[in-house]
Amino acid sequence: MVARRKVAVVGAALSDCGRVDDATPYALHAQAARRALADAGLDRTLVDGFASAGLGTLAPVEVAAYLGLRPTWVDSTSVGGSTWEVMAAHAADAIAAGHARAVLLVYGSTARADVRAGRRTGTLSFGTRGPLQFEVPYGHTLIAKYAMAARRHMIEYGTTIEQLAAVAVQARANAALNPEAMFRTPVTVDEVLAGPVIADPFTKLHCCVRSDGGAAVLLVAEEYVRDCRTSPVWVLGSGECVSHAAMSEWPDFTVSPAAVSGRLAFERAGVRPSEIDVAEIYDAFTYMTLVTLEDLGFCAKGEGGAFVEKGRLRVEGGELPVNTDGGGLSAQHPGMRGLFLLVEAVRQLRGECGQRQVRRGDGTLPRLAVASGTGGWFCSSGTVVLGAG
């Protein structure tokens, strides 16, 4: 039996993000990929694995061809925002088993620029076939699904709109420390509540920004770490879970599939939630942050509101810094944001985040991070636990 190899993230980078009107999605893929390889200090000829989703008819074939890659291991898993955590798990397994030596994960989108130029509308439709045909006639939009879930949590556990707003306030506070974030001006709970209603109970600032941008992460087998210019960030454990397709199939609106993917990831990593120094959590809406914190085990079910309202999520003075770059609520959100979570987690563990750098109580750099992505309308989850080299 062949011994399983350890796997490390050695390259992590973003393309130009925010407002990018003069680039195609392919160009953003390429820019992020080049930067990730340069970050690692490795040549692209080492890359024999490639993972991509969301672009082209035959992703990742088209994107790999555009980048000049001829991979012998590929993954095009597409489960929404959690895609990239799931892909990272698949890539780590492939490398550990000897099926690949270096896997590049890449994403890029001009979601904002496309709306601005009239190439697409601002309304995202998942179609009307399959299970969705029973919901579409009632105008049940994507955001309405999240809003319904948030309202259920409020009814079930007494979670308040002010507590949900506190998530947006803290995300913006973290974004204020990130020079690359789209929105950096601090906001208050009252300002969040005073915004236009998008889908009750969400006002505008409860919802993610729309941006352009790309990201890339390079994972390699342990024997290549010595050739890299960066410190390795080790993949310690991962988990994934698919929950439901239609809202009517969701057993409990207050429990996300992160309750399963998180438990699996922590068990496989051999660590407890209480040991985590920094968390990067998918936040298309404020409720996603709150319920994922519960489901990952950072607080008990129903206690998410009390957990987030005391400033615990802030880089400065927070007990558990969450979405340290400002998250999808303030930094960037170009469609499927899961890969951005991994990039930020890696940068935090390597101590590269400047003013927003997280420090432990003794002043040292963080040692453990978790990235947890959510897809669809809480339909899927992928969670990855990372450790500093």
How about Glu62 and Tyr26: does a side-chain donor come under 3.5 Å of a side-chain acceptor?
-> yes
Give the intermediate values and the outcome of ring-ring contact (aromatic ring centres under 6.0 Å, His included) for residues Tyr282 and Phe340.
-> CA-CA 9 Å; Tyr282 207 98; Phe340 293 76; 9.8 Å; no
Ion pair check, Glu344 and Arg356, cut-off under 4.0 Å = yes
Under 6.0 Å between the ring centres of Phe50 and Trp73?
-> no
Is the shortest side-chain N to carboxylate O distance from Glu319 to Lys310 below 4.0 Å?
-> no
Give the ring-plane orientation class for Phe285 versus Tyr146, where under 30° counts as parallel, over 60° as perpendicular and anything between as tilted.
-> tilted
Side-chain ion pair, Glu352 and Arg350, N-O less than 4.0 Å = yes
Using modelled atom types only, decide if a donor and an acceptor are shared between the side chain of Thr83 and the backbone of Val79 within a distance under 3.5 Å.
-> yes
So, do Val189 and Leu193 sit near enough that their side-chain heavy atoms are less than 4.5 Å apart?
-> yes
Which of parallel (below 30°), tilted (30 to 60°) and perpendicular (above 60°) describes Trp250 and His244?
-> parallel
Carboxylate-amine/guanidinium contact Arg34 Asp16, below 4.0 Å | no
Report whether Val385 and Val260 are members of the same hydrophobic cluster (ILVMFWY, side-chain heavy atoms less than 4.5 Å apart, transitive linking).
-> no
Taking the side chain as every heavy atom from C-beta outward, state whether Asp48 and Pro71 have any atom pair closer than 4.5 Å.
-> no
Between Ser211 and His333, a side-chain donor and acceptor under 3.5 Å = no
Do Lys301 and Asp295 meet the salt-bridge criterion of a basic N to acidic O distance under 4.0 Å?
-> yes
Is there a donor in the side chain of Glu85 and an acceptor in the side chain of His90, or the other way round, less than 3.5 Å apart?
-> no
Is any NZ, NE, NH1 or NH2 atom of the basic residue among Asp252 and Arg152 found under 4.0 Å from an Asp or Glu carboxylate oxygen of the other?
-> no
Please determine, by modelled atom types, if Ser372 and Thr292 share a side-chain donor-acceptor pair under 3.5 angstrom.
-> no
Salt-bridged, Arg367 to Asp277, with N to O below 4.0 Å?
-> no
So, Asp200 and Arg151, do they make that salt bridge, N to O below 4.0 Å?
-> yes
